[in-house]
2 protein chains.
Amino acid sequence: MPATLRDVAERAEVSVRTVSNVVSGYEHVSKRMRTKVLAAIEELDYRANPVARTLRTGRTGMLGLVVPEITVPYFSELARDVIDAAAEYGYRVMIDQTGHDHDRERQLLMGDDRTMLFDGLLFSPLVTKSELLDMHGSTKMPLVLLGEHEFDGRYDHVAIDNVAAAKDAVEHLVQLGRSRIAAIGTQPLEEYATPLQRSAGYEAALHDAGMDVRPEFATTAAHYSRADGYSAARSLLERSPQPDAIFCFSDLLAIGAMRAVFDAGLSVPEDVAVIGIDDVEEGRFARPSLSTVSLDTPYIAREAVGRIVTRIDDPATPAEEIVAPHRLVARESTSASQSQ
Amino acid sequence: MPATLRDVAERAEVSVRTVSNVVSGYEHVSKRMRTKVLAAIEELDYRANPVARTLRTGRTGMLGLVVPEITVPYFSELARDVIDAAAEYGYRVMIDQTGHDHDRERQLLMGDDRTMLFDGLLFSPLVTKSELLDMHGSTKMPLVLLGEHEFDGRYDHVAIDNVAAAKDAVEHLVQLGRSRIAAIGTQPLEEYATPLQRSAGYEAALHDAGMDVRPEFATTAAHYSRADGYSAARSLLERSPQPDAIFCFSDLLAIGAMRAVFDAGLSVPEDVAVIGIDDVEEGRFARPSLSTVSLDTPYIAREAVGRIVTRIDDPATPAEEIVAPHRLVARESTSASQSQ
DNA sequence: TTGTACGCGTTATCAT
DNA sequence: ATGATAACGCGTACAA
């Protein structure tokens with residue numbers, strides 16, 4: 001059995017109160033007491049029990065980070081940055097995967113008993129229908145939304161301007177002289193905000209360039225995975241006319257799409273230019289390296305953690321919408337000169 | 001304030017004992033009582049406080065997973081599988097990043113106060129010097145080691161046969177007819193087990209093939225990252241003679257190495273064949289697709305979680321060494337016919 | 001089958 | 001500055 005505060009108190013011949021003061025770094029402790037206590041702690045190899053502390057203080061020092069899949073590079077990079085940012089505030093992060101499971105999202109949001117472990121929740125939801133958020137109403141768990149969805153004034157929310165980001169990407173393809181610009185990542189359901197906003201940006205850019213929006217060029221992808229990007233691109237290449245550029249709603253989709261282009265005997269960017277969104281490291285080492293829209297994930301993480309921490313300290317803080325910067329990063333997959 | 005067990009008891013006009021019985025699924029509760037309690041729970045939106053429960057039972061229902069970096073695909077895929085495996089036993093997983101920080105590894109192993117949150121620890125260490133493990137001795141925290149290190153009989157330990165895996169990879173290059181086979185991933189320090197074992201396999205394969213081990217062909221890599229693979233390969237290509245094959249100690253190194261080969265104006269596999277270890281999804285979509293040694297991560301995760309769970313239930317369980325299967329997966333990066 | 005009362009290890013309140 | 005003691009919310013030994 002590990003030593004308790006009381007054990008230390010007995011050993012040092014002081015009260016538990018004094019030991020607690022020493023442990024929690026309270027100012028007003030006499031030097032003599034402190035050294036006695038410290039010695040006892042050392043001898044007994046005492047370590048504070050975080051569970052008991054939590055029961056008393058009501059704080060766990062843990063944040064929950066909810067993402068669809070930790071294996072998606074964007075989310076693992078986000079997780080890393082959130083973990084780092086949280087550490088600066090003395091918080092630790094527990095990652096929850098929803099695995100594209102709506103029920104799981106709802107459960108976490110409504111607060112199953114495990115959710116109570118967190119002082120706050122950073123939620124990167126797939127589904128952003130307001131009904132989902134309504135469910136969270138009864139819980140008092142501080143909540144910050146990551147990623148796009150319509151801001152309704154109830155919850156803190158940090159994301160990039162998705163419509164603009166998508167538009168920037170497509171305009172880049174237009175400036176390249178491409179005229180048959182396809183998209184991968186639209187969604188048949190109206191449940192998800194990300195695809196809706198990126199579709200809007202895609203169509204707006206085409207419109208501004210005086211191009212038609214061809215419905216057969218806007219293809220769906222269920223999971224923003226490499227495999228989905230591959231099969232979507234494959235079917236796009238069977239169209240005639242073929243697209244001469246593909247805007248993918250995520251880098252992973254783009255990676256899959258590029259592979260499909262090669263397997264069709266064509267090349268990127270000569271035959272088909274490809275661009276994604278996210279700027280994950282994988283794209284920088286791909287062949288050709290992947291053009292993309294970079295999201296400044298460290299910024300997003302810092303802002304999100306900052307918001308949740310202030311909200312934990314003062315639940316009455318008004319909700320805020322934070323727009324993170326994004327910028328186009330042109331690499332080989334959309335370069336004018338051929339890149340082999 | 002959330003409702004407590006006592007609130008529910010009052011509302012349902014029964015004792016806390018009965019409520020507790022209902023909540024924890026105790027058998028012998030009369031139907032009438034149960035429905036009354038359930039109704040009260042519903043009305044008050046009661047949720048058991050996991051912290052109080054933990055303080056009482058001594059169990060948190062959480063496992064700690066310690067990895068160097070969550071953004072490394074192998075670790076995020078491992079994390080996903082561990083999370084899934086743990087869920088089947090009713091455990092949740094908290095991921096800890098050590099970020100190549102030895103002190104952090106030591107801290108977690110020795111049990112800082114936060115470590116006490118876990119019922120058990122799955123530890124994928126960089127450093128495997130026995131001294132590190134000695135430190136864990138005083139703690140009673142159940143521990144399972146993931147990944148390679150010498151088995152010393154004290155701790156459960158699940159890993160592949162690293163020497164054999166490396167040997168298989170190199171033999172594959174030999175069978176391809178390559179004769180100047182380099183390696184990326186050796187370590188200058190003797191602190192790490194993985195590079196030592198993979199080096200041993202590399203040298204054994206060369207030896208069996210009657211080839212010399214050229215010291216200048218064995219290059220180091222600090223972090224098994226794409227960037228390190230890139231710069232290591234770059235310097236290898238400056239040697240003369242140039243290597244005609246590179247065995248990388250991880251897929252990420254191999255991804256970086258392939259990119260370096262292309263940037264040098266050479267091609268894979270024609271000029272230089274490349275093979276890695278891990279079988280991460282990224283390699284399957286790379287161009288050319290990456291040959292590798294596949295590790296059966298789900299198996300590793302299942303075994304590790306199974307071990308830790310039995311050890312939690314019975315701390316006296318003797319330590320066991322579990323060797324996970326591996327298999328060579330030949331893809332385009334080592335194919336005999338050119339793959340463009 | 002159900003009720004009462006105590007303890008898990010800590011922090012906070014009230015004294016001194 | 002320090003000591004005694006009451007919570008925090010739950011599980012369970014013991015009693016009924």
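We name chains A, B, ... by the order of the sequence lines, and we start the count at 1 in each one. Excluded from the calculations below are hydrogen atoms, water molecules and symmetry mates; all remaining heavy atoms, backbone and side chain alike, are included.
The backbone N or O of Met141(B) lies less than 3.5 Å from a partner atom in the side chain of His136(B), making a donor-acceptor pair. Here the side chain of Thr98(B) pairs no donor or acceptor atom with the backbone of Asp101(B) at under 3.5 angstrom.
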Practice task
Report the C-alpha separation of Ile308(A) and Leu122(A) in whole Å, then their side-chain angles, then the decisive distance to 0.1 Å, and conclude whether the side-chain contact (heavy atoms from CB on, under 4.5 Å) test is met.
Solution key: CA-CA 8 Å; Ile308(A) 200 77; Leu122(A) 303 177; 4.0 Å; yes
Assess whether side-chain contact (heavy atoms from CB on, under 4.5 Å) is satisfied between Ile41(A) and Val23(A), documenting all intermediate values. CA-CA 9 Å; Ile41(A) 288 178; Val23(A) 170; 4.0 Å; yes
Margin query: As a quick check of understanding, evaluate side-chain contact (heavy atoms from CB on, under 4.5 Å) for Val51(A) and Thr60(A), giving each step before the final call.
Written below: CA-CA 8 Å; Val51(A) 176; Thr60(A) 62; over 6 Å; no
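Atom CE in Met116(A) sits about 12 Å away from atom C1' in dC8(D), given to the nearest Å. The CG atom of Leu44(B) sits 15 Å away from the C1' atom of dG9(D) (whole-angstrom rounding). In this structure, the CD atom of Glu13(A) is 15 Å from the P atom of dT2(D), given to the nearest Å. Atom-to-atom, CG of Asn21(B) to P of dG9(D) comes out at 20 Å; the value is rounded to the nearest Å.
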In residues 81-94 of chain A, what donor-acceptor pairs under 3.5 Å come from side-chain atoms, sequence neighbours left out?
{"from": "Arg92(A)", "atom 1": "NH2", "to": "Asp96(B)", "atom 2": "OD1", "distance (Å)": "3.3"}
{"from": "Arg92(A)", "atom 1": "NH2", "to": "Asp96(B)", "atom 2": "OD2", "distance (Å)": "2.1"}

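Ser30(A) has a side-chain polar atom (N or O) that falls below the 4.0 Å cut-off from OP1 or OP2 of dT2(D).
The stretch residues 35-42 of chain B does not touch DNA chain D, since none of its heavy atoms comes less than 4.0 Å from the strand.
For Thr115(B) and Asp112(B), the side-chain atoms include at least one donor-acceptor pair closer than 3.5 Å.
Looking at Glu77(A) and Arg80(A), their side chains come closer than 4.5 Å, going by heavy atoms from C-beta outward. Side-chain contact check for Leu63(A) versus Ile312(A): some heavy-atom pair is nearer than 4.5 Å.
Val29(A) comes within contact range of the sugar-phosphate backbone alone, with a heavy-atom separation under 4.0 Å but no base atom that close. Residue contacts for Ser20(B): at a heavy-atom cut-off of 4.0 Å it reaches a base atom on one of the strands shown. Heavy atoms of Leu55(A) sit under 4.0 angstrom from at least one base atom.
Counting 5' to 3', DNA chain C first comes under 4.0 angstrom of a heavy atom of chain A and last does so at the ends given by dG9(C) to dC14(C).
Within the structure, side-chain hydrogen bond (donor to acceptor under 3.5 Å, both in side chains) contacts touching residues 295-311 of chain A (residues at least two apart or in different chains) are Asp156(A)-Arg307(A), Asp156(A)-Arg311(A), Arg307(A)-Glu320(A).
Note: Leu145(B) CG to Leu121(B) CG = 9.5 Å, rounded to the nearest 0.5 Å.
Ion pairing between Glu43(A) and Arg11(A) holds under the 4.0 Å rule for side-chain N and carboxylate O.
Over its length, the helix from dT1(C)-dA16(D) to dT16(C)-dA1(D) turns its helix axis by 40°, as judged from the five terminal pairs at each end, rounded to 10°.
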Might you list the N or O atoms of the protein lying below 3.5 Å from N or O atoms in nucleotides 4-7 of chain D, with each pair's distance?
{"from": "dA7(D)", "atom 1": "N3", "to": "Arg56(A)", "atom 2": "NH1", "distance (Å)": "2.4"}

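Within 6.0 Å of the CD atom in Glu13(A), the count of heavy atoms belonging to other residues, nucleotides or ligands does not exceed 12.
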